[in-house]
Amino acid sequence: MDSLEALERYKDIVPDFGVFVKVQSSPLHASVRINTLKIGRPRLLLRLDKAGVKYRALEWYPLGLRLGPSERPGKTAEHALGYIHVQEVLSMVPPLILDPKPGEAILDMCSSPGSKTSQIAQAMENRGLLVANEPSTIRLKPLRFNCERLGITNVAVTRYDGQSFPDYTFDRVLVDVPCSSEGTARKDLKVLLRSGRKRSLNLQSLQVRLLKRALMLTHPGGTVVYSTCTYAPEENEAVVNEVLDLARLEKFSLLGLQSSQGLTEWNGETYSKDLKLCARYYPHQNDTGGFFVAKLIRL
Amino acid sequence: MSPSSSGSEAGSSSRARSGPKARFEIEDRSQVVSLWSERFGIPEEAFSGYSFYRMAQNIWAFRGPPLPRMSFETVGLRIISLKDKLWKPTTSAIQVFGVTATKNVVSLGEREAREFLAGETLEVSADVEPGYVVVRSGDDILGCGLYSRGRLISQVPKDRRLGVEAGDIRCS
């Protein structure tokens with residue numbers, strides 16, 4: 001189990017560390033989001049009941065459903081028709097914290113495959129400007145595929161390097177940056193083989209530049225949500241700490257979803273006390289993957 | 001680029017100038033709307049709030065404000081592809097706008113619906129004109145079919161067909 005060694009450096013920051021390590025080897029069950037742009041929740045649940053699908057709605061987000069261990073939602077008619085989208089439970093958190101409203105101008109800076117993008121479109125009721133940016137040509141295809149299948153009509157896809165995204169003023173921006181993805185280990189443990197402080201430090205400067213650009217594109221008082229699916233403080237608190245001259249952190253929580261507060265020191269470095277307002281989500285706390293989320297208000 | 005040199009310091013008045021961009025051009029509204037109304041009886045109101053754009057051989061429906069000056073890959077939903085002067089409605093568009101169709105609609109039973117979604121050609125007799133049709137089953141709008149002499153050919157794109165599991169990995 002070499003891959004798990006990469007997690008050893010988190011021994012002092014993760015509560016119940018032994019359980020945290022152990023859960024990495026237990027695979028996640030599928031979860032889906034109901035796409036209210038195409039179907040109402042009651043009608044969708046009725047269909048699942050009729051088909052004998054085992055599910056449990058999330059306490060903190062009724063449109064999110066955890067499915068039973070043998071369910072293969074990607075192969076159902078509901079998926080083909082765009083009534084549901086297969087999405088990891090914690091991936092539903094950043095759009096909820098972003099809290100987009102119909103008619104607003106929103107940017108999703110690192111958009112593919114479009115899970116969070118489509119959740120944002122759904123919250124906007126398909127009204128307003130939703131710019132989905134994805135610099136990688138190869139990753140445009142799944143993004144476009146999902147937006148079409150889910151019936152999104154207010155999304156405009158761009159292919160800029162997020163660091164030099166053209167001037168515009170958005171109400172809210174989601175920056176779900178490229179990261180070391182340690183939080184996806186329950187899907188594939190191999191992701192941990194590449195992770196470590198060195199890799200995280202390599203990603204950090206890009207992450208800081210993306211977050212800074214996102215803040216520059218947001219009007220004062222507007223919201224920027226920064227998220228990763230990694231535990232590495234180098235890619236999380238250390239990045240957010242760099243932009244506190246442009247924004248202030250805001251507290252948030254989702255009732256029924258456990259989280260740990262952000263760190264204020266790591267590896268001999270100290271960060272602003274405000275970083276406690278960020279949320280760390282560990283897989284053994286809610287039976288999920290792992291995520292980090294920060295909510296920033298542009299100054 | 002250096003983030004500090006990016007300009008655009010605050011102020012909601014600093015929204016970039018809006019207008020049509022180079023590749024996507026505004027398409028005449030009445031023409032697009034009448035295509036859908038003539039073929040499927042879909043009322044004009046179904047498209048209220050939408051603007052239409054054209055790029056190459058495709059027409060797109062977008063339910064947002066005038067576009068900012070940026071370079072776009074897609075704008076809203078691709079609703080029509082034009083080939084040899086013929087227009088073909090996309091399955092995505094049929095699923096969104098087909099709910100109000102009153103003619104050239106083929107209704108399928110549950111088993112046939114699954115076959116249609118799987119991309120199969122079905123033998124059905126329907127009181128429709130030859131050509132593209134809205135295919136539905138109960139409350140479900142399944143997509144675009146091509147009807148000709150008792151044969152309904154599924155136009156559901158290959159990667160959207162039933163049983164094809166799309167890759168959706170990464171953090172999501």
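Each chain gets a letter, A, B and so on, in the order the sequences are listed, and its residues count up from 1.
- Proximity to chain B (any heavy atom under 4.5 Å) is restricted, for A:R47, to the side chain, taken from C-beta onward.
- Ranked by heavy-atom pairs under 4.5 Å with chain B, the list A:S31, A:A156, A:G151, A:C147 is led by A:A156.
- Between A:E148 and A:K141, no side-chain nitrogen of the basic residue sits less than 4.0 Å from a carboxylate oxygen of the acidic one, so the salt-bridge criterion is not met.
- The contact between A:R144 and chain B is made entirely by side chain atoms (from C-beta outward), counting heavy-atom distances below 4.5 Å.
- Contact of A:E125 with chain B is made through the backbone alone, with heavy-atom distances under 4.5 Å.
- Within residues 88-98 of chain B, the residues that have a heavy atom under 4.5 Å from a heavy atom of chain A are B:S92, B:Q95, B:V96, listed by number.
- Residues passing the side-chain contact (heavy atoms from CB on, under 4.5 Å) test with A:D188, sequence neighbours excluded: A:K190.
- Salt bridge status for A:D167 with A:R213: present, with a side-chain N to carboxylate O gap under 4.0 Å.
- Applying the ring-ring contact (aromatic ring centres under 6.0 Å, His included) rule to A:Y61 yields no partners; only residues at least two apart in sequence or on another chain are considered.
- For a residue to count as touching a neighbouring chain, one of its non-hydrogen atoms must lie under 4.5 Å from one of that chain's; by this rule A:L129 touches chain B with backbone and side chain alike.
- Ranked by non-hydrogen atom pairs under 4.5 Å with chain A, the options B:D140, B:L117, B:V156, B:L77 are led by B:D140.
- A cation-pi contact links A:R43 to A:Y83, judged by a cut-off of 6.0 Å to the six-membered ring centre and 45° from its axis.
- We find that A:E134 and A:R159 are not joined by a salt bridge, their nearest charged nitrogen and carboxylate oxygen being 4.0 Å or further apart.
- Heavy atoms of B:I79 lying under 4.5 Å from chain A are absent altogether.
- For A:T76, the part lying under 4.5 angstrom from a heavy atom of chain B is the backbone only.
- The 12-atom threshold is exceeded at NZ of B:K103, counting heavy atoms of other residues, nucleotides or ligands nearer than 6.0 Å.
- Only the side chain of A:L140 comes within less than 4.5 Å of a heavy atom of chain B; its backbone N, CA, C and O stay farther away.
- Residue-environment remark: CZ (B:R151) stays at or below the threshold of 12 foreign heavy atoms within 6.0 Å.
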Subject >> Test side chain to side chain donor-acceptor pair (under 3.5 Å) applied to B:N58 and B:S81, step by step >> reply: CA-CA 5 Å; B:N58 293 297; B:S81 67; 4.8 Å; no
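- Judged as a side-chain contact (heavy atoms from CB on, under 4.5 Å), and not counting sequence neighbours, the contacts of A:R194 are A:R199.
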